[in-house]
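Report on the following structure.
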Amino acid sequence: MLKIIPDLHGRHWIAAKQTNELRSDSSLSICYLGDIVDSKTLLNVDFIHCYDIIAAQKAEFGDRVICLLGNHEMSYDGFPCSGYRAGMQPHMSIILKDKLYDWKIAHVADGTLITHAGVSRKWLDRHFFEIKNRFPEIKFVGNPDWVYNLAEALNKINKTHLKEMFCEVGYKRGGLRDDAGSPLWCDKSEMVNIGIKQIVGHTPVPEITEIDGVTYTDCLTTTEQFIYVPI
């Protein structure tokens, strides 16, 4: 099973619990949805400790630990957002370049697309032909497994100059887009499903909530509740 860990924002004690779970259950994998950094209450040392725990998990468990980028990680890659802390920049510059984390934009498990904030129909329509032209080897049309190809394309985009498209922000989140933000910024109110199941964080919810095929998991402020997906 794949356990989804939503936006930690420095809650290193939650990350630490996953180490024992990974050791006690060899069939378990973990997917962190990003936004491990930045908080209104916790200190820089808490964020660093959180990343150190996850790095240790990656070193011990390898591909059983998956790290997705959130908008707050991207904030330290040249696209600052609310909550950015200049004092964290030296540490984050190293963390984001550390190959151990193997940072990704998207992951797929059991046919479900997993990203930080979600892929909206409006955002995908805006960039679909650009993505197809940039990666012609990736087949979408007529492919029943196109969700895997979409995840592959998103991860490849993150390694090119086109990654700027992940920093598009909608009005709801203080940005300039009047339709929908990117897979790192899409708010629940902007989501229009693309016809597949998705699991996301980013938008705070009081408990895990499923709406129109999209499961919102960013509930750690109110409850330690997690979702599991078959691998």
Side-chain angles (χ1 to χ4, degrees), residues 4-9 31-38 66-84 103-109 111-132 134 140 146-158 160 162-221 227 229:
I4 307 298
I5 310 295
D7 314 35
L8 287 174
H9 289 297
C31 181
Y32 292 100
L33 293 187
D35 276 13
I36 295 161
V37 72
D38 296 340
I66 299 154
C67 297
L68 303 186
L69 287 168
N71 58 297
H72 282 274
E73 275 79 27
M74 191 67 79
S75 180
Y76 295 88
D77 193 24
F79 306 95
C81 67
S82 176
Y84 171 86
W103 294 105
K104 297 178 179 178
I105 295 293
H107 183 71
V108 178
T112 300
L113 182 67
I114 305 169
T115 61
H116 174 65
V119 178
S120 165
R121 167 64 63 187
K122 294 178 180 179
W123 184 87
L124 186 59
D125 284 349
R126 187 158 71 239
H127 293 291
F128 187 69
F129 290 105
E130 186 177 12
I131 293 172
K132 282 184 64 179
R134 178 64 177 79
F140 295 98
W146 73 276
V147 61
Y148 292 91
N149 291 347
L150 175 60
E152 180 185 2
L154 294 176
N155 290 328
K156 285 186 173 183
I157 287 169
N158 189 49
T160 74
L162 293 177
K163 69 181 180 180
E164 290 186 3
M165 69 173 62
F166 294 135
C167 298
E168 295 174 346
V169 186
Y171 286 164
K172 178 68 176 182
R173 294 293 179 132
L176 301 177
R177 300 297 318 186
D178 62 357
D179 42 16
S182 77
L184 298 188
W185 276 102
C186 185
D187 189 80
K188 181 162 65 73
S189 64
E190 301 169 337
M191 175 62 74
V192 179
N193 204 318
I194 58 176
I196 57 174
K197 293 188 295 182
Q198 297 192 60
I199 295 175
V200 305
H202 188 61
T203 298
V205 287
E207 60 185 3
I208 291 176
T209 304
E210 191 274 329
I211 302 173
D212 191 25
V214 182
T215 302
Y216 301 89
T217 65
D218 184 12
C219 62
L220 294 183
T221 300
I227 188 171
V229 183

Just how far is it from atom CG of L162 to atom CD1 of I157, taken to the nearest 0.5 Å? 6.5 Å

Of N71, D7, T115, which meets side-chain hydrogen bond (donor to acceptor under 3.5 Å, both in side chains) against H202? N71

Nearest-0.5 Å distance, CD of residue E190 to CH2 of residue W185: 10.5 Å

If only side-chain N and O atoms count, and only distance matters, is there a donor-acceptor pair under 3.5 Å linking E73 with H116? no

Which distance, rounded to the nearest 0.5 Å, do you find between the CG of L33 and the CG of L69? 11.5 Å

Looking at OG1 of T209 and NZ of K188, how far apart are the two atoms once the value is rounded to the nearest 0.5 Å? 7.0 Å

Quick one: which of L124, L150, V119 gives a side-chain contact (heavy atoms from CB on, under 4.5 Å) with P183? V119

Would you give the length of the straight line joining atom CG of L184 to atom CG of L68, rounded to the nearest 0.5 angstrom? 9.5 Å

Which atom pair, heavy atoms only, marks the closest approach of S189 to D187? OG-OD2, 2.7 Å

Could you check if a side-chain atom of W123 sits within less than 4.5 angstrom of a side-chain atom of F166, using non-hydrogen atoms only? yes

Take K156 and E152 through the test salt bridge (charged side-chain N to carboxylate O under 4.0 Å, His left out) and record every step on the way to the result. CA-CA 6 Å; K156 285 186 173 183; E152 180 185 2; 3.4 Å; yes

Residue pair D179 / R126: nearest heavy atoms and the distance that separates them: OD2-NH1, 2.7 Å

Can you tell me how far the NZ atom of K122 sits from the CD1 atom of I194, to the nearest 0.5 Å? 14.5 Å

